[in-house]
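Working notes, structure below.
Side chains included, hydrogens not; waters and symmetry mates left out as well; all remaining heavy atoms used. A note on names: the letters A, B, ... follow the listed sequences, proteins ahead of strands, and every chain is numbered from 1.
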2 protein chains.
Amino acid sequence: MHDDLHEFKADFFKALGNPLRLRILDALRDHEKSVSMLQDELAVEQSTLSQQLSILAKKGFIVSRKEGTLNFYRVKDPDVYRLLDLGRTLFERHLQSSQRLLDALSSVEPRNK
Amino acid sequence: MHDDLHEFKADFFKALGNPLRLRILDALRDHEKSVSMLQDELAVEQSTLSQQLSILAKKGFIVSRKEGTLNFYRVKDPDVYRLLDLGRTLFERHLQSSQRLLDALSSVEPRNK
DNA sequence: ACGTAATATTGTGATATCATAATATTGTGA
DNA sequence: TCACAATATTATGATATCACAATATTACGT
């Protein structure tokens, strides 16, 4: 049921499926930052950064506030960090089980071929 | 720091950024299912389904168990549903605030141009 | 009004992702 | 061993995403 919902939800997760966008969100954990602050911190092309900020804003993850010529971005819903942190937990759990598998394989057949 | 980590983490979220893969995960909430069961339930091309299952498996979201000619898939870490549900919550919250914005706009200027 | 800093937008080519179609593999029963 | 069912893999073309470069916009100080 509700296949359209999956379409929207996929869009939501897709926004998180990019390393630069994740770095931006992480950079905004503590407080808002201007584009140039983010540019210094993340060391990426100005237009690239601006594009990814625009995508995050369009998807509703961040909002901006203009102050003169500066544009400050901040996270709209801080609970997104609960999502990111939970993702990290699951991801690390997966890495660990992969590692255990590799360990098991290498101890059972340490020298094949 | 740890920009490589963001690369991996983005990969993780990217796996969730596809409507069919979300539908597959939702279909596997209660119990394992064979490919043909999923095929009936989701009504997608056989090869498409197989490919997306393979992607989910490669990323560690699901594992499979062969029984004769059937292949049963199940979710590896059920906590992934906590992630999906949290995503839905945040997503709906975003939709609601967008809706409020639209409502506010339409009530303030109901007939411009 | 002019110049400049900060940011956004647009154009473009490379790469990734997707669905479909065609083909290959594997297991089972006759 | 043959045929068939279940699934996987490969090939292909369409579309999406990405980073970079170039250009445009906007606000401020002079």
Side-chain angles (χ1 to χ4, degrees), chain A residues 3-4 6-28 31-75, chain B residues 3-4 6-28 31-75:
Chain A
D3 285 355
D4 285 353
H6 287 108
E7 199 79 37
F8 287 112
K9 221 171 144 184
D11 248 36
F12 179 85
F13 282 113
K14 201 176 293 181
L16 302 177
N18 172 284
L20 178 51
R21 288 196 290 269
L22 289 181
R23 292 209 291 148
I24 291 171
L25 289 176
D26 267 347
L28 295 177
H31 47 79
E32 67 173 13
K33 284 175 184 167
S34 71
V35 176
S36 38
M37 291 170 72
L38 288 170
Q39 206 170 325
D40 289 346
E41 186 171 338
L42 303 177
V44 292
E45 279 285 328
Q46 181 267 323
S47 57
T48 299
L49 177 58
S50 191
Q51 280 180 119
Q52 301 304 332
L53 286 170
S54 151
I55 290 174
L56 283 173
K58 216 173 300 181
K59 298 290 177 65
F61 286 95
I62 60 180
V63 292
S64 66
R65 171 183 72 85
K66 291 206 173 175
E67 189 175 313
T69 177
L70 298 177
N71 204 1
F72 288 89
Y73 283 91
R74 66 177 181 282
V75 165
Chain B
D3 286 355
D4 286 353
H6 286 108
E7 199 79 38
F8 287 112
K9 221 171 144 185
D11 248 36
F12 179 85
F13 281 112
K14 201 176 294 181
L16 302 178
N18 173 284
L20 177 52
R21 289 196 290 269
L22 289 181
R23 292 209 291 146
I24 292 172
L25 290 176
D26 267 348
L28 296 177
H31 47 80
E32 66 173 13
K33 284 177 184 166
S34 70
V35 176
S36 37
M37 291 170 72
L38 289 170
Q39 206 170 323
D40 289 346
E41 186 172 338
L42 303 176
V44 292
E45 280 283 328
Q46 182 267 323
S47 57
T48 299
L49 178 57
S50 192
Q51 281 180 114
Q52 300 306 330
L53 285 169
S54 150
I55 290 173
L56 284 174
K58 215 174 300 180
K59 298 290 178 64
F61 286 96
I62 59 180
V63 293
S64 66
R65 170 184 73 85
K66 292 208 171 171
E67 189 174 312
T69 177
L70 297 177
N71 204 1
F72 288 89
Y73 282 91
R74 68 178 180 283
V75 164

task: Could you list the residues that satisfy side chain to side chain contact (heavy atoms under 4.5 Å, CB included) with Lys14(B), not counting sequence neighbours?
output: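 Side chain to side chain contact (heavy atoms under 4.5 Å, CB included) list for Lys14(B), sorted by chain: Asp11(B).
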message: I'd like to check the side chain to side chain contact (heavy atoms under 4.5 Å, CB included) partners of Ser36(A); sequence neighbours left out, ordered by chain and number.
response: Ser34(A), Leu70(A)
query: Looking only at heavy atoms, what is the nearest atom pair of Leu16(B) and Phe13(A), with distance?
result: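 Scanning both residues, the minimum pair turns out to be O-CB, 3.6 Å.
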- prompt: Of the non-hydrogen atoms in Ala10(B) and Leu22(A), which two are nearest, and what is the gap between them?
  reply: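 What the structure gives for the nearest pair is N-CD1, 3.4 Å.
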Looking at every strand, decide which applies to [X] at a 4.0 Å heavy-atom threshold: base, sugar-phosphate, or nothing.
| X | answer |
| --- | --- |
| Ser54(A) | nothing |
| Tyr73(B) | sugar-phosphate |
| Ser50(B) | base |

statement: Applying the Watson-Crick and G-U criteria (both distances under 3.5 angstrom) with [ ] for crossing and | for other-strand pairs, one obtains for DNA chain C ||||||||||||||||||||||||||||||
message: So, using side chain to side chain donor-acceptor pair (under 3.5 Å) as the criterion, who are the partners of Asn18(A) when residues are at least two apart?
response: none
- prompt: With Asn71(B), which residues qualify under side chain to side chain donor-acceptor pair (under 3.5 Å), at least two apart?
  reply: none
Phe8(A), CZ: over 12 other non-hydrogen atoms inside 6.0 angstrom: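 Check fails, neighbour count at 12 or below.
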Please tabulate, one pair per line, all N/O donor-acceptor pairs under 3.5 Å involving side-chain atoms of residues 40-63 of chain A, not counting sequence neighbours.
residue  : atom : partner  : partner atom : Å
Glu41(A) : OE1  : Lys33(A) : NZ           : 2.9
Glu41(A) : OE2  : Lys33(A) : NZ           : 3.3
Gln52(A) : OE1  : Arg21(A) : NH1          : 2.6

Atom pair distance, as rounded to whole Å: [atom1] in [X] and [atom2] in [N]:
| X | N | atom1 | atom2 | value |
| --- | --- | --- | --- | --- |
| Asp40(A) | dA5(C) | CG | P | 15 Å |
| Lys33(A) | dA6(C) | NZ | C1' | 18 Å |
| Leu42(B) | dC18(C) | CG | C1' | 16 Å |
| Arg23(B) | dC18(C) | CZ | P | 14 Å |
| Arg21(B) | dT17(C) | CZ | P | 8 Å |
| Leu70(A) | dC28(D) | CG | C1' | 11 Å |
| Gln52(B) | dT17(C) | CD | P | 11 Å |
| Leu49(B) | dA19(C) | CG | P | 11 Å |

- request: Identify, residue by residue, the members of residues 55-65 of chain A with a heavy atom below 4.0 Å from DNA chain C, and return them in order of residue number, or none.
  value: none
- prompt: Between dT17(D) and Asn18(A), is there an OP1 or OP2 to side-chain N/O distance shorter than 4.0 Å?
  reply: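 Negative; the distance criterion is not met.
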- request: Give, for atom CZ of Phe72(B) and atom NE2 of His31(B), the distance between the pair rounded to the nearest 0.5 Å.
  value: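 Separation between the atoms: 10.5 Å.
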All N/O pairs under 3.5 Å across the protein-nucleotides 13-16 of chain D interface:
none

task: Let me have a per-nucleotide readout for nucleotides 20-26 of chain D, 5' to 3', with B, S or -, counting only protein heavy atoms under 4.0 Å.
output: BBB----
task: Check salt bridge (Lys or Arg N to Asp or Glu O under 4.0 Å) between Arg65(A) and all other residues, then give those that pass, not counting sequence neighbours.
output: Glu32(A), Glu67(A)
Would you tabulate the pairs of protein nitrogen or oxygen atoms and nucleotide nitrogen or oxygen atoms of nucleotides 1-3 of chain D closer than 3.5 angstrom?
none

